[in-house]
S.K.: 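Here you go, one structure.
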Amino acid sequence: MNIPDHILSKVDENLHNKKKHPIETVKKIIYDCFPDFSRFDDISPKVAVRSNFDDLLIPKNHVSRSLSDTYYVSDDVVLRTHTSAHQTEMLKNGEYSFLVAGDCYRRDEIDSCHYPVFHQIEGVRVVESVVDIESDLKSNIELVIGSLFGDCQFRMRSHKFPFTQPSWEVDVFYNGNWLEVLGCGIVHYKIMKSCGLEGSSAWAFGMGLDRLAMILFDIPDIRLMWSSDERFIGQFDGSIKKFKPFSKYPPCNKDISMWLGDSFCENSMNDIIRGMSGDLVESVSLQDTFTKDGKTSNCYRVVYRSMDRSFTNEEVNNMHISCVELIKSKIDCVVRE
Ligand code: DAH
């Protein structure tokens, strides 16, 4: 319904299963923390709206459900927005300690650490005794963090997720900064009940693999994850290794100003630019905005830069002109020439 071809073409890439890829390496480090858990990493990302949202008690009016945030295959099927989408079916199938890794999809802004396709890993464990569940969760989180980051400080901050109660976000102190690395909590009793598990308790966590890989391998731009350039992929051997950047090509900036219509959607514009330029777009950022006579004007700066080659001015100009034409015809706005 709102899934461009360049996104659909990513569905079979499965970077999390690609041997020696940084994302696969991070996945395996986490796998090794849970040797007796069942592992699932080839479940289709096309999931029922029910599994992705309703079963997880995500309210009907939650923004994450909107067409501007989520890719819909049909009215009741989405590209999963998180691996939590598999929690309830696993629990109903009698899986009581499991890991699910997979590609997830969200419509989002364009910059060096956002890409509409990313990877997550989910861990869930049902425990018989409720008494120690929080400390069991905490010691497992500590284990994962220690395996990834070595001996470093971490903190669990109270947070809210609809599907866990209580819930936490976990930050790690790494290279002088607090980095948010995962969400976790105690699975909501209503979910346990709907899975026929009243009387038992479970903890769950979910973490993004791309950003972890970027941090641990010093990868400066998330688009590199998708590169098949030997100069990138040839650097890795299945262990954590600092990436040695190859020469950076010069950027080319283009500005585009427009009057916004009532149904203007920035993420739809981003999809057009990403679709037209492939991975040549590095960022799209709002430079300026003003309102006059009740109408709003936005000016966006589009930065084009290739990860692996130089391009001619003519190539970028033509690509940008095509983007602008498509924006004019598909997006609710009037481009100011
Ligand atoms: N699904 C959440 C997200 O994508 C992450 C998450 C939070 C997973 C808490 C969990 C959890 O299993 O308990 O942001």
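Whatever order the structure lists them in is the order used to number ligands and atoms, beginning at 1.
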S.K.: Do any heavy atoms of R106 fall under 4.0 Å from ligand 1?
M.R.: yes
S.K.: Does the N or O separation between A204 and ligand 1 drop below 3.5 Å for any pair?
M.R.: yes
S.K.: For ligand 1, is there an N or O atom under 3.5 Å from any N or O atom of T81?
M.R.: no
S.K.: Can you tell if the side chain of W203 reaches within under 4.5 Å of the side chain of T164, non-hydrogen atoms only?
M.R.: no
S.K.: Using a 4.5 Å cut-off on heavy atoms from C-beta on, say whether the side chain of L280 contacts that of R309.
M.R.: yes
S.K.: Considering G206, G123, A202, S167, which one's heavy-atom position lies nearest to atom 8 (C) of ligand 1?
M.R.: G206
S.K.: Report, in ascending order of atom number, the atoms of ligand 1 lying under 4.0 Å from any heavy atom of Q120.
M.R.: 3 (C), 4 (O)
S.K.: Taking the six-membered ring for Trp and the single ring otherwise, decide whether the centroids of F236 and F217 are under 6.0 Å apart.
M.R.: yes
S.K.: In ligand 1, which numbered atoms sit nearer than 4.0 Å to a non-hydrogen atom of F161?
M.R.: 7 (C), 9 (C)
S.K.: Just verifying a value: how many Å separate L209 CG and L216 CG, rounded to the nearest 0.5 Å?
M.R.: 10.5 Å
S.K.: Show which atoms of ligand 1 fall inside a sub-4.0 Å distance from at least one heavy-atom site of T164.
M.R.: 13 (O)
S.K.: Looking only at heavy atoms, what is the nearest atom pair of S44 and H86, with distance?
M.R.: O-CE1, 4.2 Å
S.K.: Within ligand 1, which atoms have a heavy atom of G185 less than 4.0 Å away?
M.R.: 13 (O)
S.K.: Should D221 and R223 count as an ion pair when the cut-off is N to O under 4.0 Å?
M.R.: yes
S.K.: Between F205 and ligand 1, which part of the residue brings a heavy atom under 4.0 Å of the ligand: side chain, backbone, both or neither?
M.R.: backbone
